[in-house]
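Note sheet for the following structure.
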There are 2 protein chains.
Amino acid sequence: MTPSERMYVALRAAILHGDFAPRQSLKPQELATKHVVSLAVARETLLRLVGEGLAERLPNRGFAVPATGAERWQQIAEARATVEPAMLRMAIERGDLEWEARVRAAHHRLARATPYEQDPDSWSEAHRLFHRALLEACGNDVLLGTFDRLWIDSELARRWSAVKEPARDAAAEHLALEEAVLAREAGRAADLLRRHVTRTVRTLRTS
Amino acid sequence: MTPSERMYVALRAAILHGDFAPRQSLKPQELATKHVVSLAVARETLLRLVGEGLAERLPNRGFAVPATGAERWQQIAEARATVEPAMLRMAIERGDLEWEARVRAAHHRLARATPYEQDPDSWSEAHRLFHRALLEACGNDVLLGTFDRLWIDSELARRWSAVKEPARDAAAEHLALEEAVLAREAGRAADLLRRHVTRTVRTLRTS
DNA sequence: CTTGTCAAAATAATCGATTATCTCTAGCGT
DNA sequence: ACGCTAGAGATAATCGATTATTTTGACAAG
């Protein structure tokens with residue numbers, strides 16, 4: 001594996017994991033030293049992260065972790081609530097048997113994954129793959145790209161929104177979602193997804 | 001202005017203008033020579049364009065213009081038809097007087113802009129600003145970011161979709177859109193926007 | 001004729017060092 | 001005491017050259 005790739009995955013994981021605070025500057029020199037690579041590689045990595053939305057570039061002032069917080073998280077949730085239900089309707093319309101099987105598989109992996117409390121990264125990945133599996137049959141790579149981007153933003157923002165997840169049964173929500181999808185009940189599934197995405201946000205508002 | 005920035009805007013414009021064919025490789029050495037900068041700057045520019053979707057990175061095989069075509073253009077149009085009407089509803093719901101004024105101004109600039117045939121770049125920019133003005137009052141920067149990205153992708157794909165624009169009165173469509181928006185008729189405006197976005201694609205399918 | 005191999009050329013990736021820019025602070029004048 | 005300016009240190013941006021990888025094409029074996 002190339003040094004650039006190695007540093008990229010490492011730094012990406014570190015940012016998503018919360019090793020750097022929002023607005024904290026990401027200094028190429030420091031990072032290059034830490035990861036034992038040259039300045040050019042550190043810069044390249046940062047540029048790639050900027051493209052993904054996991055870093056900001058301040059011209060002539062280097063790079064920094066994007067500012068996030070509860071407000072931004074709400075906006076992301078609203079964006080997801082706007083896009084994902086529509087995608088799910090398309091997926092239910094267009095999905096075939098193979099897709100149903102993949103949805104079942106993804107849900108099974110999520111349901112049996114080690115709990116969030118024990119291994120956040122592992123559970124989050126299973127969570128992402130389940131949600132993505134639901135939408136993958138929409139047949140539109142552009143929309144799936146939009147989903148990917150929103151998901152990344154969401155993960156970063158949630159990490160720093162300092163919100164206590166309210167008492168909620170995520171597993172039950174996922175199960176209901178899977179059932180509605182496999183029953184091809186587009187309306188119900190879309191509504192469940194919309195609520196699932198906005199739930200934490202709404203509790204934020206009212207708390 | 002920094003060399004990096006200068007090269008960035010130049011190369012970006014060149015790609016959008018169609019100076020490079022899809023899948024054509026973008027060789028850092030050539031571009032560096034052409035723009036009189038070092039290799040590092042050329043690489044940085046290409047990395048930034050990758051982040052925007054205006055270039056692709058093939059590991060260990062350099063950079064290239066993304067593959068596009070009619071099919072991808074249809075997907076982009078579908079994505080826009082999914083996202084933008086919903087954004088427009090939000091904008092009509094939340095927009096204030098100041099927003100109405102900006103919409104009027106943007107439409108005026110578009111209506112009086114030099115025709116597409118005489119100056120494609122100038123007209124396209126006015127076109128983009130009008131569409132963006134419509135949505136800017138949605139109050140959600142994340143969705144606006146999604147719009148920006150889709151628009152860029154759309155411009156590149158349209159350039160290479162080799163589609164003859166059918167006989168259509170874009171000006172009339174824009175005017176009707178503006179009227180519906182300023183009348184705060186959310187349903188009609190959203191529908192007009194959806195049709196406006198998908199029109200060329202539908203004619204593609206049926207032709 | 002096809003296919004596999006190997007070396008040469010082309011290109012990508014990386015590096016160490018240089019130059020330009022910004023930031024912070026001490027010193028000066030008001 | 002306050003604000004301004006200069007200069008030193010820190011950081012970002014750029015460069016030219018080196019190293020690693022891939023591609024190309026000649027050539028030999030089947």
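Every chain is numbered from 1 and lettered A, B, ... according to where its sequence line falls, protein lines coming before strand lines. Excluded from the calculations below are hydrogen atoms, water molecules and symmetry mates; all remaining heavy atoms, backbone and side chain alike, are included.
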Are A:Leu26 and A:Ile15 side-chain neighbours, meaning at least one heavy-atom pair lies under 4.5 Å?
yes
Ranking C:dT14, C:dA12, D:dC15 by distance to the side chain of A:Ser4, first place goes to C:dT14
When rounded to whole Å, the OH to P distance for the pair B:Tyr8 and D:dA13 reads 15 Å
Q) Are side-chain heavy atoms of B:Val41 and B:His35 found at a separation under 4.5 Å? A) no
Worksheet item: Are B:Arg80 and B:Ser154 close enough that some pair of their side-chain heavy atoms sits under 4.5 Å apart?
Response: yes
In whole angstroms, the gap separating P of C:dT14 from CD of B:Gln29 amounts to 17 Å
Here the gap from A:Asp121 atom CG to A:Asp119 atom CG, rounded to the nearest 0.5 Å, amounts to 6.0 Å
Comparing B:Ser25 with A:Pro59, nearest DNA chain C nucleotide closer to 5' gives the residue B:Ser25
Among the nucleotides D:dA13, D:dT22, C:dC15, whichever has the atom closest to the side chain of A:Asn60 is D:dA13
Exercise for review: Tell me what A:Arg61 touches on the nucleic acid: a base, only sugar-phosphate, or nothing, going by heavy atoms under 4.0 Å.
Suggested key: sugar-phosphate
Separation of D:dT23 atom C1' from B:Leu58 atom CG, nearest Å, is 14 Å
From NE2 of A:His35 across to P of C:dT14 the rounded distance in Å is 14 Å
Which of D:dT22, C:dT14, C:dA17 is nearest the side chain of A:Leu39? It is C:dA17
Winner on side-chain proximity to B:Lys27, out of C:dT14, C:dT11, D:dA13, is C:dT11
A:Phe63 CZ to D:dA10 P, in whole Å, measures 21 Å
TODO: Indicate, with a heavy-atom threshold strictly under 4.0 Å, whether A:Thr2 touches base, sugar-phosphate, or nothing.
DONE: sugar-phosphate
* Find out whether B:Leu11 and B:Phe20 are in side-chain contact, i.e. whether some heavy atom of one side chain is under 4.5 Å from a heavy atom of the other. => yes
A:Met1 CE to C:dA12 P, in whole Å, measures 21 Å
Taken to the nearest whole Å, CD/A:Glu30 to P/D:dT11 is 7 Å
In whole angstroms, the gap separating P of D:dC15 from CD of B:Glu44 amounts to 11 Å
